[in-house]
Each structure stands twice: as C-alpha cells, then as structure tokens.
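Side chains included, hydrogens not; waters and symmetry mates left out as well; all remaining heavy atoms used. Residue numbering restarts at 1 for every chain, and letters A, B, ... go by the order of the sequence lines.
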Amino acid sequence: MSYFLFRRLLSLLLTLLLATIVIFAVLEIVPGDPARLMLGINATEDAVAALREQLGLNQPLLTRYFSWIGGLLQGDLGRSFTYSSSVGELIGERIWVSLPLALLALTLSTVIAVPVGLYAAARRGRASDTAIMAATQFGIAIPNFWFALLLVYLFAIVLRWVPAGGFPGWEAGIWPALKALALPAIALALPQAAILSRIARSALIEVLGEDFIRTARAKGLTRSQTLWHHALRNALIPVVTIMGLQFAFLLAGTIIIENVFYLPGLGRLVFQAITQHDLPVVQGTVLLLVASVVLTNFLVDLVYAWIDPRLRKTAQ
Amino acid sequence: MTGQRSDTGERLPEAGSEPVGLARRLLASRAFLIGAIITLVILAMALISFLWTPYDVTKLVIANRLKPPSPSHLFGTDHFGRDIFSMIMVGSRNSIAVALVAVGIGMAIGVPLGAWAAAKRGIADDILMRTNDLIFAFPSILSAVMITAIFGPGAINAIIAIGIFNIPVFARLTRGGALSLWTREFVLAARVSGKGAARISIEHILPNITNLLIVQGTIQFSLGILAEAALSYVGLGAQPPMPSWGRMLFEAQTMMAIAPHMAIFPGLAIILTVLGLNLMGDGLRDALDPRLRETK
Amino acid sequence: MSYHRFPTGLAAALFLSTALLSAPALAAKDTLVMGVVLEPPHLDPTAGAAAAIDEVVYANVFEGLTRINENGEVMPALAESWEVSEDGKTYTFKLRSGVKFHDGTDFDAEDVKFSLDRARADDSTNAQKGLFSAIESVEVSDPQTVVVTLSNPAGSFLFNMGWGDAVIVAPESADGNKENPVGTGPFKFSNWAKGSAIEITRNDGYWGDAVALSKATFRIIPDAAAATNALLAGDVDAFANFPAPEALPQLEADPRFAVVQGSTEGETILSTNNSKAPFSDIRVRQAIAHTIDRQAIIDGAMFGQGTPIGTHFAPHHPAYKAELIDTYPHDIEKAKALLAEAGFPEGFKATLQLPPPTYARRGGEIIASQLREIGIDLEIIPVEWKQWLEGPFKGDYDLTIVSHTEPLDIGIYANPDYYFKYDSKELQDVIAKLNVTADTEERYKLMGEAQTIISKDAVNGYLFQLAKSGVWNAKIEGLWKNSPVQANDLTGVHWND
C-alpha cells in the first residue's frame, strides 16, 4: 500500500511539474507586450521599458521560470498586471464562488444519479428502465449552457424565483448565496447526472451478474440484502472514477457557466485574464485548476484502492 | 474501459469475422436504427446545404428580423432577418466538419502512439502515459481558450483545440486493446515467424481493435459537436458570416424574452445530433461486443 | 349582513395594502446598484484613458475646478467663481473654503497647483495631456485663489477643466489613487471586489449639499444578456448606458422600469485606413459610402436606436450640417461603377476588425453583408479592446468600426498621424483657423466647412450617432438623460415613492 501511494504521489508531482512548464511555455508564446498593454496607447517607450524592467520581463526565460516556481513554493503567485493586487488574493476571493459551485453540482448530480441508476438497474428491461435510459440519453446530449439559458428564462425571468445571475457574496448570508448558485449548479449537474446514472446502472448490472452475487443469493440472502451488502460496494468503483472525472469536468464547466450567470468565480477570472493578457493571473489560475484535477485523480485512486484491495496489488 | 475488459480472456471478434451476423444484430438494435436515421438526416441536411437552402444565409434582410416560426420561415428568423432553418442547415456543416476533423486528428496521432507504446513497453509506454495524464489534467475548455488566445478565434483553432484532447483518448484505448493482444497466440506466432513490431501492429493488432476505435470514434464525434458548440458560444469558434450553432445560441441569449425561437431551434439541433451519434455508438458497441449484449 | 361585511373587508384590505405599501416609504431606500459594462483598470481618472474610470469616480469621488452638467454646460465646482482677463489668457479661480479630502487633509490652492502641474508635466501619465497644453503657469496667490496663465486664448479652457482627467488630487494621496481613490466628492470609495463590484459610500464631511444615497454599488456586467436579466431580476437598479437595445421594447413595456433615450457624443464610424491601398483611392471610399445603408445598420445592430450621420459631428450640436447625410446616397450601381473605375470591377478582399461593443460586432456583420453586394469581401476579425488599441488604433488595419465619444473631436482629422491616416491640407487649414477663433458664429461656420470636407472626401464611413439608452427603476430620479461626458453623476439621485 505504501509503495502504491509513493508511486502515485511521485507521478502526481511529476505531472504538476510538467504542467508548470507547459503553462509557462504556452503563455510565453502569447503575442503582445504586457507592459505596453498595461500602460495603454499614450505611454512613451521609456515608460514601457521601465515597466518591463519593473515587472522583470527583461530577465532571461529560465530565470523568470525559476523565480515563478520559487514564488509558488513559498505560496507567492505574483502580482496581477491589470489589477494592482496579488494573484493569491484574487484567487482567494474567487475560489469561494467556484469551489462551492462545483461541489454543489457534484453533490446534486450524485444525489440524483445514484438512486436513479440503482432503480433502473433493479428494474432492468422493464418500461421504467427504458424510459429512464431514454431520458438520460437526452440529458447527455444537452449542452449545459443552453440548458442554463432555458433555466434563466423560466426561473429567473418568468417566475422570478431566483436571481438571473450575479453573486451577492457569502457575507450576504448563506441563503441568498445558495439561491444565486442554484441555477448554475443545476445547469452543471443535470447533464452530469445523466452520465453518472448510466454508469451506476451498468456497473450494478455487471456486478449483479457475477458469481459471488449468485453465491450470495444461493446462500439465502434476499435480493435487497445482496444489493446493499455486496453489489453496491463493487459497483462503486466505476461510479467513483466517473465522479472524479466529473469534478474536473465541473470545474472546467464553470468557465462557461460562470460567464452565463456572470458569477465572479475562477472561470471568469481566467477568461478575463486571458483576454487582458494578465499573465500572472492566467498562470496562477490555470495551475490551480490543473492541480485540482491531478489531486482529484489521486484521491480517486486512493478511494479505489480502499474499495477494492485487489487493485493495490495489480497497480504495481 | 472497453479496452480493459479484454483481460477477462474474452476472445475479441476479429475483423470481418461475421459481417452478416453483425449487420443483422445492428438492424435488430432499436438504438442503432434510431441513431443512424437521425445521423443520416443531419448528414443529408449538411450535404444538401451546399446545393440548396430555403434562403441565402449570407444575405441580411433587416426588415424581416425576429419573425416567429411560420410556414415561410419554419424556425423563424434571427435579428438580422436570416432564416434560422437555413442557418441550422449551413451550421451543421461547421459542427460536423470541426468534430470530424478533430476525431481524425485524435485517431491519426493517438492510434499509432498507443500501438507503439504497447509494442515497446518500458520507457516509451511510461512517457506516453505521463503525457496522457498531463493532457487530461488540463480542463479541455480551458486549453481551448488558451489556444485561441495565442492564435486568435476561428474554426481551425477550434479543431486544433478539440483535436488535441482526442489524441490521449485514442492513444489510451489503442494501448489498452493492444497490450492484451500482444500476449495472444496468433500474435506470438507472428513474432516467431520474424515479423517486426510495426508490421504486427498493422497486420494483427489494429484489425482487432477497429471495433473499439469505431465505437469510441462515434462517442468522440458527439463530444466534439458539444465542444465546438461551447467554443462558438463563447465566441472562440467559427466567425461570421459562417453560421454555427453555438454562435447562434450566443446571439439568441439577449433575445430570449422577445425571440425564444432563436435559442430553441439551434439548441435542439445540437441535442438531436449528439443524441443520434450516441445512440448509434451504443448500438454499435452492443452489436460488436457480444459480452455486453449478454448482460443486457 | 354579508352585504355589509364585504365593503368592510374591502376597506380593511385596502388599509392593509396601503399600510404595506407605505412601509418601505418609512425606511426610504437610499442605496443604488448601478450596472456598468466595463470594469475600470484602476480608479485614478488622471492616469488613464478608460471611460470606465470616470463612470465610477467622476463627480462622485473626485471633483475638478469646474464640472460639466447633464446638458454639457460648465458649472462651478471646487472653484466657486472665476474671472477671465481681457485678452482671455489669465484665469483667476476663487476656491471654496472648508473643503476636505476624504482622508481628512484640507483642500487649498496648493492642491490645485499640484494637480495641474502634475498633469502637464513631461513625465505625466495623464491620458488627455492636450487639455492642459495651453497652460503656461499656475500661481498660488493665496490659499483660496489660483491664477492660471495660458500661452494663447483657448475658448474651451473652462470646459476642459471640467473633464475627469482634470480633477484635483492631493499630493499626500495622489500616488495611491489607483487602488484607493481620495478625492473631495460627496462619495468616498469603500470597496472594490475585483471583477464584480465597486462600492462608494456617502461622505458625511462633504462641503456641499449632502447626497441622498448612503451607498452606491457599481456592478460590473460585461454581458448584454446578463445585463437584461440582472435588471429583470431586480439585482441592478439602473443602467445608465444599457448594452442590449433588443431588450428595450420589453423593458419599456414593463412598468417597473423607466427607459430614457438621450444623446451622446459618440459618432459611430467605419474607420478607414486612408493611407492603405485600395482605400487610399477616393473612388473606393466613395463606393463604400454609396453602398452603406445606415438605416439597416441602425435597425439591425441597434434595434432602431441611433441617428444617421453624414459626417463626424453630433446631430444635436447647432453647427451640425444635416444635409451631408446625402453626400453619397445609397446607390449600388453607382458604387459598382466607381469601384470599376478605380480598377476593381470584381471587387477585392480586405479585413474588418471589430472591437467588443454590440454596435461594432453586429454593425460589422451588416456592413460586411452590404459591401459583399459590390464585391468587397470582408474578413471579420473580432478583437478585444487591448488588441484594438495595439492594432487598428496604431494604424495597422484596413477597416474597423468604433464610436468616437469625445465631444467636439473633429480636430482629430487634422492630425495626419491619427489612425485614419488622412492628410488633407485643406482640412488642416480650417482646423488651424478654428483653434484661434473665438467668435461663435465664425466658429460654427468653420466647423461646417470641416464637416463638409471630410464628408466629401469620404474619409470614413459615417454611420450613426450612438444613442444613450438609460434604463432604471421607475422610482429613481436624478440620473443623467444625456451624456456630454462619460460619467454616472449620482449627486442628484434619489428614490421616489
């Protein structure tokens, strides 16, 4: 187990290191001089040169890379070019929108998908199963931003139950904040729930067909006992994997959904920073998103190993 | 996932082993039939749009703007007085082209890489898998945004951005399928007879994973349609005057209250296309993988 | 009995409902959430060109010697009065007493001298240094009096001192104004949640009449759809410059909102690179002018909001020459003939770069479609503002669409290096004469001549005067109808019940 952990941890660190190189390199190619962009059209060449010096843009590539990494290790993500505040501060403000949103969506999609998947598996082949499966096919095919538009139209404009967008901030209270996140979370969650419920269904069906389940049934356990004690635990493996993948997907999905609902989250921050060539913000945010994906995958692997001890051995 | 199933010792169906049976199974699959019909209709629509559309989509007739659906404009008109049905027809070309080329890129690069890694193992395999992890670590829409920040928005850059994410998908699938095949007797026999790794990959490995690739290709195709729509929606896909479904949705969103038809029809077009491809993919997988069929 | 009970019940209901209705009146609303499309890069109006800065701080946080009111008139501000010498070169400003900056420091003549000298210094980062170019010296005669001497008489000097770029700042706080603006205005800066909102609160130590609002929030909503939704959902009380003209009919029909159409100084034009072939050929520019259908652009891009223009001048100005709209009437055949004469019988290809605003993105699609009729095939390139400033505004472009929102800015045509790259001796002479003319009648005549020259030369495609569509809660009073300068002056805003 510890060897397995060590190996996974090593590969996690390696991926992160490679990611920093890729992010840094990609942003080097982005055209446009950040100093000139910051100062605007009336700036003199001298002023631009001075700012380049001040921002450290004149140093060699490697020096800049290592000073960025050095700063990262000390928790310093640099200063934003467009806003005069630190990247860490900006991310710190925004993450309290994006993270709750992604978690809310993940919870929502799991809460919907697992029971639906189980129900469909239990009623396999019957009309209700067929109906559910047809519905999930639709769910998968719906673009979440289109779904978001319809939700806004119905619940915010016509019915006025929830705000159409924006975020009052957590200081305005839990309830108003949750209300503002409700539609974005639903828009993100429903298409994901469709995928997850299909996975849950087929995983369960597969497990139910296996020998040990037949044995359990033969030993006299009832159908529901079998389902709960044996089948579920084994069916969880693919479900957890997909949930892990979904978390990454949901974080990325917030980029578009935050733009639909003008939520001041990480997605909109990175989107704005890219169009404004605010390199330190782009680097910091992208790295954070990448790190969260890699970390989630790592956690999924751990859960995986915990659920199915066999995998610990084969992973070697 | 599909690739890893072969370790159960199941014999993979070999290429063209039972074409008649396959065709019969496909025709018996309701999912496949519905999916195939939808896909064919969309494809036909895209092809017909080259020759004919009810109205010219490049000509703006401002006086005719925001008309609700009617017999003369089945899906109504947009804010420039263009016929939405015609725009959906022409827009289908863009969606299909971008998704198809992106899948093509993924296969053309991913499959050889995966086969190579499976044949060589060791370091080559490690490097490939690490690179895969790396690419998977970047949320695709984020990278697409970064790519378009470098090269500027446009259909070509959308293709590149989506294509890059198809490479590891196919590489991983090919590697998984190929790894188990390399231990099989007929491959061992080929090795003994002195065939090189490249030749074995082409002659014995690839034909045996074609089914997997086709199924995955269909799925990636539908994901590509969704990804293209998302990119166009944020303004990073095809540029006007070329109509695209995602852009139509972007333009529709300020007009939801006065012209909801502008949002509804392009959205339905996306859903229908993705649905058709997914159903077809499911039907294909069931028909090609006998084991899955049993569990149904 | 029931016959009696009914009216009683009704009366009770009426009483109750009036009681409920008047309840909010007791606690009169004194906060405002205002939507703005662009987030300012920082909050120092003396160090940036972005209109988004003035939209937050002008008249609210910072004040100048003079201020410009809703109708474009010059009003006293920190200077309570002034005298102009006979030769028009010496301005003596009498300053208000008892004025304090938000950080508690006193305002006096030294602050005025500091601000003006800072703005016109060689290393100044003021975006509108031209406003101060006429100043020869600034002298402090006593703490309440400043004497400004000009090198030559400038009719617009008092107006210039009312710009956001000419506000008075304190030497103690000037360097920190980008993040923490310290002015003399009736509102103090209180918070800026980056990417989301900027908050200002009432300054209780204000020298003038206290403002009715205790707090105002500028919420940044760059997206037109989100702007509409935010208004409908009640998240935002007002949009001084509403970005989605297509939603106006719906908002007008809604009794909760007041939709107010005002004028702006924004001439929206198809800017043309006059130094680049084939646009350097006047026949090509004339062909474009003959092809453009202004009304279709106004209807299609702005949903009818806007006034067609035939030259670079605001239609509401008395010197505007309305007849220039017909200099090149819509005539496709004539356009084709001109294009053929210029050597392009089959047309040609060119690029059209479009900055983010709706008028540009949508207007560009319509213009591209119109020009296709005469064979000009335009590739549409959407650009962000920063790219626009780096590219087209530096002269690297074929065609672009932009609204020039500075008041009375026809003088830009006299600068051959300006991004139109238009070099006309005739026009330069007229503008030179205009700059030294003080007589109003004579000035209007010269302005008319300049308008005619650029219209005849078809320097740019003249499209329409941008309309200002203000949308706000019907209970709000005191917001500007017109926008002579880009500002959201909240000093007179209050809720009406």
Side-chain angles (χ1 to χ4, degrees), chain A residues 11-12 14-16 18-19 22-23 26-27 29-31 124-125 133 137-138 140-150 152-153 157-158 191 202 205-206 208-209 238 241 245 248-256 259-260 267 270-271 274-275 277 282 285-286 289-294 297, chain B residues 1 7 30-31 34-35 126 129-131 133-152 222-223 225-227 229-231 233-234 245-246 249-250 252-253 256-257 260 263-264 266-268 270-279 282 291-292 294-296:
Chain A
S11 105
L12 176 141
L14 186 68
T15 310
L16 277 182
L18 289 174
V22 170
I23 292 167
V26 164
L27 291 177
I29 327 173
V30 177
R124 176 153 54 108
M133 284 303 102
Q137 281 286 13
F138 265 102
I140 293 172
I142 293 176
N144 57 16
F145 56 91
W146 182 75
F147 188 51
L149 288 183
L150 297 191
V152 168
Y153 182 63
I157 298 178
V158 178
S202 61
I205 288 175
E206 199 154 321
L208 285 173
T241 315
L245 287 176
F249 193 88
L250 288 171
L251 263 186
T254 60
I255 294 177
I256 286 186
N259 276 297
V260 178
V270 75
F271 202 82
I274 287 173
T275 53
H277 292 259
V282 181
T285 324
V286 172
L289 289 174
V290 169
S292 61
V293 172
V294 176
N297 288 346
Chain B
M1 291 228 74
D7 61 6
R30 219 171 358 144
I34 298 173
D126 271 348
M129 293 318 283
R130 281 292 81 74
T131 317
D133 286 350
L134 188 64
I135 295 180
F136 276 129
F138 284 82
S140 54
I141 188 82
L142 185 61
S143 315
V145 171
M146 290 209 295
I147 287 172
T148 43
I150 301 172
F151 301 109
S222 83
L223 290 176
I225 301 258
L226 279 175
L231 278 181
Y233 172 75
V234 290
W245 293 347
L249 287 179
F250 165 75
Q253 65 170 341
M256 283 302 281
I264 289 170
L268 289 179
I270 297 172
I271 294 174
L272 206 63
T273 311
V274 174
L275 188 67
L277 286 166
N278 282 348
L279 287 174
D282 282 2
R291 185 167 167 269
L292 269 179
E294 280 157 24
T295 60
K296 263 229 140 162

In the structure I gave you, are the side-chain heavy atoms of B:Y233 and A:N259 within less than 4.5 Å of one another anywhere?
no
By a 4.5 Å heavy-atom criterion (distance strictly below it), what part of A:L16 contacts chain B: side chain, backbone, both, or neither?
neither
Calculate, to the nearest 0.5 Å, the distance between atoms CD1 and CG belonging to A:I256 and B:L142 respectively.
11.0 Å
Nearest-0.5 Å distance, CG of residue B:D133 to CG of residue A:N297
7.5 Å
For A:F271, does the CZ atom have more than 12 heavy-atom neighbours from other residues, nucleotides or ligands under 6.0 Å away?
yes
With a 4.5 angstrom heavy-atom cut-off, could you sort out which part of A:V152 is near chain B: side chain, backbone, both or neither?
neither
Residues, nucleotides or ligands: over 12 heavy atoms within 6.0 Å of B:R30 CZ:
no
Passes side chain to side chain contact (heavy atoms under 4.5 Å, CB included), A:W146 versus B:L226? Steps please.
CA-CA 11 Å; A:W146 182 75; B:L226 279 175; over 6 Å; no
In the structure I gave you, are the side-chain heavy atoms of B:I271 and A:P143 within less than 4.5 Å of one another anywhere?
yes
What part of A:I255 lies closer than 4.5 angstrom to a heavy atom of chain B: side chain, backbone, both or neither?
side chain
Heavy-atom cut-off 4.5 Å, strictly under: side chain, backbone, both or neither for B:L272 against chain A?
neither
In sequence, state the C-alpha distance, the side-chain angles, and the governing distance for A:V293 and B:F138, and then conclude on side chain to side chain contact (heavy atoms under 4.5 Å, CB included).
CA-CA 8 Å; A:V293 172; B:F138 284 82; over 6 Å; no
Proximity breakdown for A:V270 and chain B, heavy-atom pairs closer than 4.5 Å:
side chain
